[in-house]
Amino acid sequence: MKKITFLFTALVFFLFSHNALSAERWVNCRVVGISDGDTITCLLANNKQLKVRLAEIDAPEKAQAFGNRAKQMLAQLIHKTQVTLQISDYDRYGRTVATIYKDRENINLKMVQLGMAWAYTKYMRHPEYLQMQQIAQQQRIGLWRDPNPMPPSEFRKLKRQGKK
C-alpha cells in the first residue's frame, strides 16, 4: 500500500510540478477554500494545494450582484468535502481548469442550474450548460431574478474601463 501511495504521490507531483498536463485527467482532492463562485482551492493527497477554476461557467464577481451568494452556494455544495476533478486545461493565471464532481454530480453544471453562474459560452464545450442556463432564466432562479443581470465578463470589462 505504501508503494502505491508513493507512486501516486510521485505521479501527481511530476504532473503538477512540470506542467506536463496535456489531456484530460482525473484527480481526487479535498476542497479547503472557496475564493468565489467559480474558483476553489483543493488539497491533493501529497498535501499540495491546487487553485482550481471551474470549467465552462462564469460566476458573478464578488463586487457584483449575486457574487457573495454564488460563493456561499459553492461553499455549501463542496467546502470541506472530497471531490473529483476532471482537469481539462490551465488558465492564463496558472489555475487548473476543471469540472468538479461530488458523488458523481457535476458541480459546475449545478451552479448554472441553481442560477449562480452563467454558461461561459466563450469556453463552453458542452451544450447542456446553455440549456440549464435557459431553464434557470425561464424560471427566474438565482441571479435571473435580477431585472438586468450582467455577465461577469461584461462587469470585468467595465471595471477595466473605470466605469464600475
Side-chain angles (χ1 to χ4, degrees), residues 16 21 24-45 47-160 163-164:
F16 287 103
L21 299 172
E24 284 190 347
R25 283 135 323 275
W26 295 83
V27 174
N28 293 317
C29 63
R30 181 169 178 82
V31 179
V32 295
I34 308 289
S35 301
D36 56 32
D38 56 29
T39 309
I40 67 167
T41 302
C42 261
L43 190 63
L44 299 171
N47 287 328
K48 181 177 178 180
Q49 288 193 357
L50 184 65
K51 196 72 143 178
V52 180
R53 171 70 166 82
L54 278 67
E56 303 190 67
I57 72 169
D58 200 11
E61 297 295 315
K62 290 177 189 175
Q64 192 176 0
F66 286 89
N68 285 329
R69 288 186 193 164
K71 178 181 177 179
Q72 290 167 355
M73 179 56 70
L74 187 57
Q76 184 179 331
L77 292 171
I78 61 172
H79 190 239
K80 296 184 180 179
T81 67
Q82 286 292 129
V83 297
T84 301
L85 307 177
Q86 182 182 14
I87 301 170
S88 56
D89 205 354
Y90 289 97
D91 69 9
R92 64 182 177 201
Y93 305 108
R95 296 176 296 188
T96 300
V97 177
T99 302
I100 299 174
Y101 292 90
K102 179 183 170 198
D103 302 326
R104 298 186 179 165
E105 180 177 31
N106 180 334
I107 299 302
N108 304 31
L109 190 60
K110 183 77 171 176
M111 289 293 287
V112 175
Q113 182 181 12
L114 294 171
M116 291 294 138
W118 272 257
Y120 206 169
T121 55
K122 182 177 179 181
Y123 299 105
M124 193 178 69
R125 298 181 311 166
H126 299 95
E128 59 265 23
Y129 285 89
L130 197 52
Q131 293 164 354
M132 283 297 148
Q133 177 178 306
Q134 290 167 346
I135 292 168
Q137 284 175 300
Q138 290 167 357
Q139 295 178 354
R140 300 187 56 80
I141 297 171
L143 64 89
W144 303 110
R145 289 185 214 138
D146 190 316
N148 296 305
M150 180 183 295
S153 56
E154 183 66 25
F155 183 85
R156 290 188 295 270
K157 182 180 175 183
L158 291 173
K159 191 173 179 184
R160 281 190 303 271
K163 296 179 181 175
K164 272 281 175 189

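Just so it is clear, the values below take in all heavy atoms, side chains as well, and ignore hydrogens, waters and symmetry mates.
Not one N or O on the side chain of Asp103 forms a donor-acceptor pair closer than 3.5 Å with the backbone of Glu105. Proximity of a side-chain donor or acceptor of Asp38 to a complementary backbone N or O of Ala59 within less than 3.5 Å is detected. Arg30 contributes a side-chain N or O that, together with a main-chain N or O of Lys80, makes up a donor-acceptor pair within less than 3.5 Å. A donor-acceptor pair is defined here as one N or O able to donate and one able to accept, closer than 3.5 Å; such a pair exists between the side chain of Gln64 and the backbone of Met150. Gln86 contributes no side-chain N or O that, together with a main-chain N or O of Glu24, makes up a donor-acceptor pair within less than 3.5 Å. At least one donor-acceptor pair closer than 3.5 Å links the side chain of Lys102 to the backbone N or O of Leu77. In this structure, Arg140 contributes its side chain and Arg145 its backbone to a donor-acceptor pair below 3.5 Å. A distance-only check finds a donor-acceptor pair linking the side chain of Thr81 to the backbone of Ile78 [under 3.5 Å].
When the shell of 6.0 Å around CZ of Arg95 is examined, it contains more than 12 heavy atoms from other residues, nucleotides or ligands.
Using a 4.5 Å heavy-atom cutoff, the side chains of Val112 and Trp118 are not in contact. Side-chain contact check for Pro60 versus Phe155: every heavy-atom pair is 4.5 Å or farther apart.
A distance of 12.0 Å separates CE in Met116 from NZ in Lys110, rounded to the nearest 0.5 Å. To the nearest 0.5 Å, the span separating CD on Gln76 from CD1 on Ile34 amounts to 11.0 Å. In this structure, CD on Gln131 lies 7.0 Å from CD on Gln134, to the nearest 0.5 angstrom. The CG atom of Leu54 sits 7.0 Å away from the OG1 atom of Thr39 when rounded to the nearest 0.5 Å. Taken from CZ in Arg156 to CD in Glu61, the straight-line distance is 4.5 Å, to the nearest 0.5 Å. Rounding to the nearest 0.5 angstrom, the gap separating the CG atom in Leu85 from the OG1 atom in Thr99 is 9.0 Å.
Using a cutoff of 4.0 Å between basic side-chain nitrogens and carboxylate oxygens, Arg53 and Asp58 are scored as salt-bridged.
Screening Val83, Val32, Asn28 for a side chain to side chain contact (heavy atoms under 4.5 Å, CB included) involving Cys42 leaves a single residue, Val83.
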Gln133 and Trp144: CA distance, side-chain angles, deciding distance, side chain to side chain contact (heavy atoms under 4.5 Å, CB included) verdict: CA-CA 9 Å; Gln133 177 178 306; Trp144 303 110; 3.6 Å; yes
Side chain to side chain contact (heavy atoms under 4.5 Å, CB included) assessment of Ile107 paired with Leu74: CA-CA 8 Å; Ile107 299 302; Leu74 187 57; 3.7 Å; yes
From CA spacing to verdict: side chain to side chain contact (heavy atoms under 4.5 Å, CB included), Ser35, Lys51: CA-CA 9 Å; Ser35 301; Lys51 196 72 143 178; 2.8 Å; yes
Verdict with supporting geometry, Arg125 and Asp89, salt bridge (charged side-chain N to carboxylate O under 4.0 Å, His left out): CA-CA 12 Å; Arg125 298 181 311 166; Asp89 205 354; over 6 Å; no
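Contact between Glu56 and Tyr123 at its shortest, heavy atoms only, is CG-O, 3.9 Å. When every heavy atom of Ile57 is checked against every heavy atom of Ala117, the shortest pair comes out as CD1-CB, 3.9 Å. The minimum heavy-atom distance linking Met132 with Leu109 is given by the pair CG-CD1, 3.6 Å. Nearest approach of Phe66 to Gly142, heavy atoms of both residues: CZ-O, 3.3 Å.
Using modelled atom types and a 3.5 Å distance limit, the side chains of Asn108 and Tyr120 yield no donor-acceptor pair.
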